[in-house]
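Everything below concerns the one structure shown next.
Because the structure is a prediction, the values reported are computed rather than measured. The figures here come from the full heavy-atom set of this structure, side chains too, leaving out hydrogens, waters and symmetry mates. By convention in this document, chain letters (A, B, ...) are assigned in the order of the sequence lines, proteins followed by strands, and residues within each chain are numbered from 1.
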Number of protein chains: 2
Amino acid sequence: MHFTISEENYIKGIFHLQQETGLVNTNSLAAEMHTRAASVTDMLKKLKAKKLLQYEKYKGFKLNEAGLKAALVVVRKHRLWEFFLVDKLKFDWDSVHAIAEELEHISSEELVNRLAQFLGDPAFDPHGDPIPDKHGSIPVIYQKILSTVPLKKSVTVSAVSNQSTQMLEMLKHYHIALGTQLMILKKFEFDGSLEIKVLKQNACIISEQVAKNIFVHDMGKTK
Amino acid sequence: MHFTISEENYIKGIFHLQQETGLVNTNSLAAEMHTRAASVTDMLKKLKAKKLLQYEKYKGFKLNEAGLKAALVVVRKHRLWEFFLVDKLKFDWDSVHAIAEELEHISSEELVNRLAQFLGDPAFDPHGDPIPDKHGSIPVIYQKILSTVPLKKSVTVSAVSNQSTQMLEMLKHYHIALGTQLMILKKFEFDGSLEIKVLKQNACIISEQVAKNIFVHDMGKTK
DNA sequence: TAATATTTTTAGATTTGTCTAAAATATATT
DNA sequence: AATATATTTTAGACAAATCTAAAAATATTA
Ligand SMILES: [Mn+2]
Ligand SMILES: [Mn+2]
Ligand SMILES: [Mn+2]
Ligand SMILES: [Mn+2]
């Protein structure tokens, strides 16, 4: 089955939204795709015709098994290319998304599998997101939101859920990256902000909003 | 200046043809692009409007300075990606063209330059074709067509001008690749075929048509 | 539950890239 | 030079992806 670049982008957009909400609605997908609701409806018809979508007019929609499979192929490619860009070409992790957004549409299956092997079959991308394997299986990781971790417990950053340039820029400022070790020194009731100690850095304070987007796992646990 | 994938493909097609003939005509470009003459005319208008083309109706056309610059960017990307696929991902040199045909349209300039550096700034792609540098300069190489080489002179294969799958498949059969050392043992007047000795292989006979597409340089000369 | 607001779909247009068939131009042949 | 042939362009149509504006359906609120 062949998909256009546009179809692949919509499939991936639906995938991301349904991870959070189960059923997806037209307006939220329009926002995600930076397009208009009418354009979304047009595409929904095409994806339904291609039997990738569970969709009833006015009732919301989500990917069916075939759609999910297609989404995981694109997600795998996106994250493998991001890994390549950071690991081999030494890009900063906050500047690879836009490029991977193009690379994810290169169609050769042979290419993806050789790329994965060349990279050492990584299980997580530079933002800590899991990379599906060639069968679409996603590795599991035991991680918690930073704000739920007890005081003075040393943990390792494993993922970042908000991956806007603004967020990644901020983390860079705090010297926080994937694999960074840190602990919480104090929690401020007033606004939910946290005083944290990043390994080899001075203690600093991060807002609740930032803390809610940082995922960590126990030190020493391998991903 | 931004170009669509289609525009880039046409620009590259014109570039290849004008290398050989100077002026290009509509039908040959249609053949090169596997499309129809009418579609070519449509695109010529667009490229002329973008000031990339010297073009008078019915009189043929060629890229102007701006068009040439655009073509060299695409050619550089195509050949760098081919080098990557063969050198890093261990693809056969006869199976990379189609994939590079997609990869050459990834737009990031930063990506191309980092890729080139990662690959060690190669000057020639896996088919022996020169890779333009970031300013569009093409390395020169002193090479001759195999059929013009004197008998018993040991030479190294440096390029292959016909890069069809069929041709590359045939070369593989003869154990001929870039860098292969060989010499001509005998020339047959009757049909122009050559008896050659490929290093570490038995002597064999190749047709004139094959010989005309193989470029070689003196042994020991570095590219 | 009736009025109001929000969400979603449809109708109709636009742009890009392609095609076929016909017309226009250029080239070759008698 | 006139005619035939080949090449190139135009005219008009179509599919894909997008948009705006209006209509239809659903949800909210008084
Ligand atoms: Mn994309
Ligand atoms: Mn990522
Ligand atoms: Mn291409
Ligand atoms: Mn090549």
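- When distances are taken from the side chain of T26(B) to each of dT9(D), dG17(C), dT18(D), the shortest belongs to dT9(D).
- Counting non-hydrogen atoms under 4.0 angstrom, S6(A) reaches the backbone sugars and phosphates but no base.
- Distance CZ (F3(B)) to P (dT15(C)): 21 Å, rounded to an integer number of Å.
- Looking at the side chain of T35(B), the nearest of the listed nucleotides dC19(C), dT8(C), dT18(D) is dC19(C).
- Of the candidate nucleotides dT10(D), dT8(D), dT9(C), dT8(D) has the atom nearest to the side chain of N25(B).
- Checking V40(B) against I5(A), the closest nucleotide of DNA chain D that is more toward the 5' end is the one next to V40(B).
- With hydrogens and angles ignored, the 3.5 Å screen pairs a side-chain donor or acceptor of T21(A) with a backbone N or O of L17(A).
- Distance, K48(B) NZ to dT9(D) C1': 14 Å, rounded to whole Å.
- S6(A) and N9(A) are not linked by any side-chain donor-acceptor pair at a separation below 3.5 angstrom, with hydrogens and angles left out of the test.
- In summary, E8(A) and K12(A) do not engage in a salt bridge, as defined by a charged side-chain N under 4.0 Å from a carboxylate O.
- Computed from coordinates, the F61(B) CZ to dT9(D) C1' distance equals 13 Å when rounded to whole Å.
- For R36(B), the listed nucleotide lying nearest its side chain is dC19(C); candidates were dC19(C), dA24(C), dT9(C).
- Out of dT10(C), dT18(C), dT9(C), the shortest distance to the side chain of K45(A) is found at dT10(C).
- Using cut-offs of 30° and 60° on the angle between ring planes, the pair H127(A) and W93(A) is parallel.
- Rounded to an integer number of Å, the gap from H34(A) NE2 to dC19(D) C1' is 17 Å.
- The side chain of K57(A) places an N or O atom within less than 4.0 Å of a non-bridging phosphate oxygen (OP1 or OP2) of dT10(C).
- Under the 30°/60° scheme for interplanar angles, the aromatic rings of F84(B) and F118(B) are found to be tilted.
- Ring geometry for W81(A) against W81(B) counts as perpendicular: the plane angle is over 60°, on a 0 to 90° scale with 30° as the lower cut.
- Between L53(A) atom CG and dT9(C) atom C1' the separation is 15 Å, expressed in whole Å.
- A residue-by-residue look at Y58(B) and D42(A) shows that D42(A) has its nearest nucleotide of DNA chain C further toward the 5' end.
- A sub-4.0 Å separation between OP1 or OP2 of dA17(D) and a side-chain N or O of K46(A) is present.
- Following rounding to the nearest Å, L23(A) (CG) and dT7(C) (P) show an atom-to-atom distance of 16 Å.
- Between the CG atom of L29(A) and the C1' atom of dT9(C) there is a distance of 15 Å, given to the nearest Å.
- Closest contact between the side chain of Y55(A) and the listed nucleotides dT9(C), dT10(C), dT16(C) involves dT9(C).
- For dA26(C), neither phosphate oxygen OP1 nor OP2 lies less than 4.0 angstrom from any side-chain nitrogen or oxygen of K59(B).
- The S39(B) side chain lies nearest to dT18(C) when the options are dT9(C), dT18(C), dT10(D).
- In the set dA21(D), dT18(C), dT20(C), dT20(C) carries the atom at the smallest distance from any side-chain atom of A38(B).
- Dashed line: the shortest gap from a side-chain N or O of T41(B) to OP1 or OP2 of dT10(D) is not under 4.0 Å.
- Residue Y10(B) has a polar side-chain atom (N or O) positioned under 4.0 Å from OP1 or OP2 of dT18(C).
- Taking atom CG of residue L44(A) and atom P of nucleotide dA16(D), one finds them 16 Å apart after rounding to whole Å.
- Taking side-chain N and O atoms only, N27(A) has a distance below 4.0 Å to OP1 or OP2 of dT8(C).
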